[in-house]
Q: 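The structure under discussion is supplied below as structure tokens; questions concerning it will follow.
Residue numbers count from 1 along this sequence. When reading the values below, keep in mind they use all heavy atoms of this one structure, side chains included, and skip hydrogens, waters and symmetry mates.
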Amino acid sequence: MESFENNEFENEPEVSPESSAQPSRYAANDGAYQTAGTGRRESPYADSPYEMNHQTQSGCQAPPTPPVHHPHKAKKPQKPVWKPVLACLLAVALVAGGCGITAAMVNQRWETREQALTEKLDVLQKQITSSTASGKGTLVPTDGSAMTPSQLYASCVDSVVAISATVTSTGIYGNTSTGTSSGSGFILTDDGYIVTNYHVVEGATELTVTTHDGTEYSAELKGKDATNDVAVLKVEAENLPAVTLGSSHDLVIGDMVAAIGNPLGKLAATQTIGYVSGINREVATGGVTTISMIQTDAAINPGNSGGPLFNMYGQVIGITTAKYSGTTGSGASIEGVGFAIPIDDVAAMFDDLIDFGYVTGSYMGVSVENVDEEAASRYSLPTGAYVVKVEKDSAAQKAGIEVKDIITDVGGHSVSNVTDLTRALRNFKAGDSTTVTVTRGGKQVALQITLDERPQETEEQPQQETTQTMPNSGSFDEWYDYFRRYFGG
């Protein structure tokens with residue numbers, strides 16, 4: 001075997017203990033190998049440009065810490081400068097435009113208000129001037145709005161008149177006596193036509209009309225209709241303050257109304273206020289004629305008859321006619337129950353009364369009465385106008401209407417009582433043809449009729465004493481006499 005003596009490492013000097021005291025060529029370095037101790041070779045990396053980490057206390061070298069590389073953040077693209085500038089300009093333009101529009105609207109609104117206020121002030125000034133000129137202290141609205149009672153009185157009282165009628169009567173021994181009755185009325189036209197109740201002027205030999213300013217006129221009776229208790233007078237005058245006619249069709253219970261008249265014949269131009277208490281009240285006048293009326297709690301007294309009943313717009317909606325007075329069976333007094341003829345039921349008659357002196361409306365030629373409601377309900381009879389008489393050669397006879405027929409319809413207008421028949425006939429004139437529906441023997445029969453002209457002073461409605469009521473008890477004959485009207489025999 002070849003020995004190490006011939007090796008390239010021969011004659012390698014031995015390191016003696018003393019040699020450790022000799023300074024090392026790496027004495028200037030602070031590295032870990034500077035104090036490594038004897039017998040150890042120097043680090044081959046002693047001349048490395050990198051600084052070595054110091055050894056730990058345990059003599060082990062700490063692992064090198066890898067360098068931390070921080071990624072570079074990408075730069076955000078910068079927004080164009082012109083966009084926020086444009087947005088600011090748009091915002092300013094919108095604000096300026098909105099302010100301009102708002103200012104224009106406010107200005108227009110104030111101009112409109114100012115114009116309306118100016119118009120109201122002009123109207124008020126005219127009212128003040130008119131009120132001062134006429135000596136009245138109450139301002140009356142001119143815009144068609146509802147009035148207060150004081151405004152209504154100021155507006156309408158000049159159109160209401162007091163009527164005085166002189167009546168001469170003859171006693172049973174031939175002696176004559178003269179008396180005076182009083183009532184009220186209203187000016188229909190500015191040339192002197194006056195409307196009142198027929199019972200106010202019935203039998204009068206002399207008539208006097210007194211206006212609100214105290215002027216007296218001699219009056220002439222131009223026309224009358226006893227059935228509807230209405231009459232028209234004429235005075236020779238011009239430029240009289242005429243009333244405005246309204247409509248009673250739309251009245252409802254609770255509407256406020258005012259009556260102006262001449263109560264007791266002494267208290268001229270008295271106004272009372274009340275409400276509509278009822279409608280379509282069947283009221284008998286004179287014990288003969290039944291009229292459908294408006295009920296009101298406005299005070300109506302003798303002397304008020306013939307006067308106007310106003311709504312709160314100053315329009316005539318009725319003619320005050322009657323009141324219930326006295327006491328009940330228990331002794332209680334009756335108060336606040338007055339009645340007025342609906343203006344819609346008589347307004348169409350005024351022209352006939354002025355032109356002909358009587359109503360020339362359509363006429364059937366029958367006498368009728370109401371069907372008893374209790375009997376109709378119990379025995380399934382129809383409600384309507386029960387025919388008790390047919391006049392000879394009348395339109396009803398020519399059409400084939402018979403006694404005991406029950407009229408239930410005239411020309412499409414339903415008839416459930418005598419008042420309905422009267423109102424239905426007001427829709428037709430003399431000579432008109434229409435269909436009349438009657439119930440006969442439990443069957444409905446349609447008849448064609450050509451209506452006649454209504455004769456003067458002829459009444460469609462029957463005498464009240466001919467009306468029978470269903471007996472509560474009695475003999476067979478009494479029951480038979482009652483029901484045979486409906487079933488014949």
Q: Counting C-beta onward and ignoring hydrogens, is there a side-chain heavy-atom pair between M256 and I273 closer than 4.5 Å?
A: yes
Q: Among all residues two or more places apart in sequence or in another chain, which pass the side-chain contact (heavy atoms from CB on, under 4.5 Å) test with V160?
A: I260, P308, F310
Q: Quick check on side-chain contact (heavy atoms from CB on, under 4.5 Å): which of T227, L221, N228 does K224 satisfy it with?
A: L221
Q: Is any side-chain heavy atom of E282 closer than 4.5 Å to a side-chain heavy atom of N370?
A: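 No - every pair of side-chain heavy atoms lies 4.5 Å or more apart.
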Q: Could you work out, with side-chain contact (heavy atoms from CB on, under 4.5 Å) as the rule, every residue matching V445, not counting sequence neighbours?
A: V438, R440, L447
Q: Hey, does M364 have a side-chain heavy atom less than 4.5 Å from the side chain of L451?
A: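 Contact flag for L451/M364 side chains = yes.
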Q: May I ask you to decide if I401's main-chain N or O and D405's side chain share a donor-acceptor pair within less than 3.5 Å?
A: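 Here the side-chain-to-backbone pair does not exist.
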Q: Extract all donor-acceptor atom pairs below 3.5 Å that involve side chains of residues 292-302 and protein atoms in other chains or at least two apart in sequence.
A:
| from | atom 1 | to | atom 2 | distance (Å) |
| --- | --- | --- | --- | --- |
| S292 | OG | R423 | NH2 | 2.9 |
| Q295 | OE1 | R281 | NE | 2.8 |
| Q295 | OE1 | R281 | NH2 | 3.4 |
| T296 | OG1 | Y275 | O | 3.0 |
| T296 | OG1 | A298 | N | 3.1 |
| D297 | OD1 | Y275 | N | 2.6 |

Q: Quick one, D158 and D213 - any side-chain contact, counting heavy atoms below 4.5 Å?
A: no
Q: Excluding sequence neighbours, so at least two apart, what forms salt bridge (charged side-chain N to carboxylate O under 4.0 Å, His left out) with K234?
A: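 K234 satisfies salt bridge (charged side-chain N to carboxylate O under 4.0 Å, His left out) with E236 once adjacent residues are dropped.
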Q: With no hydrogens and no angle check, just 3.5 Å: does a side-chain donor-acceptor pair link S164 and S182?
A: no
Q: To check you understand the geometry: which heavy-atom pair defines the closest contact between A237 and Y217, and what is its length?
A: CB-CE2, 3.6 Å
Q: Could you tabulate the donor-acceptor pairs under 3.5 Å formed by side-chain atoms of residues 185-195, not counting sequence neighbours?
A:
| from | atom 1 | to | atom 2 | distance (Å) |
| --- | --- | --- | --- | --- |
| T189 | OG1 | D191 | OD1 | 2.4 |
| T189 | OG1 | Y193 | N | 3.4 |

Q: Is the closest side-chain heavy-atom distance between I406 and T408 below 4.5 Å?
A: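 Heavy-atom side-chain distance check passes, below 4.5 Å.
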Q: What heavy-atom pair brings V243 and S159 nearest, and what distance separates the two atoms?
A: CG1-CB, 3.3 Å
Q: Below 4.5 Å, heavy atoms only, C-beta onward: do R454 and L425 meet side chain to side chain?
A: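 No, side chains not in contact.
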Q: Taking only Lys NZ, Arg NE, NH1 and NH2, and the carboxylate oxygens of Asp or Glu, determine whether K398 and D452 approach each other closer than 4.0 Å.
A: no
Q: Are there more than 12 heavy atoms of other residues, nucleotides or ligands under 6.0 Å from atom CD of Q444?
A: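 Check fails, neighbour count at 12 or below.
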Q: What I'd like to find out is whether the side chain of P149 reaches to under 4.5 Å of the side chain of M312, using heavy atoms alone.
A: yes
Q: Do V257 and V276 make a side-chain contact, defined as non-hydrogen atoms from C-beta onward lying under 4.5 Å apart?
A: yes
Q: By side-chain contact (heavy atoms from CB on, under 4.5 Å), which residues pair with S184, not counting sequence neighbours?
A: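 With sequence neighbours excluded, S184 shows a side-chain contact (heavy atoms from CB on, under 4.5 Å) to N262, given in chain and number order.
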Q: Of the non-hydrogen atoms in S305 and T196, which two are nearest, and what is the gap between them?
A: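 Shortest heavy-atom separation between S305 and T196 comes out as O-OG1, 4.2 Å.
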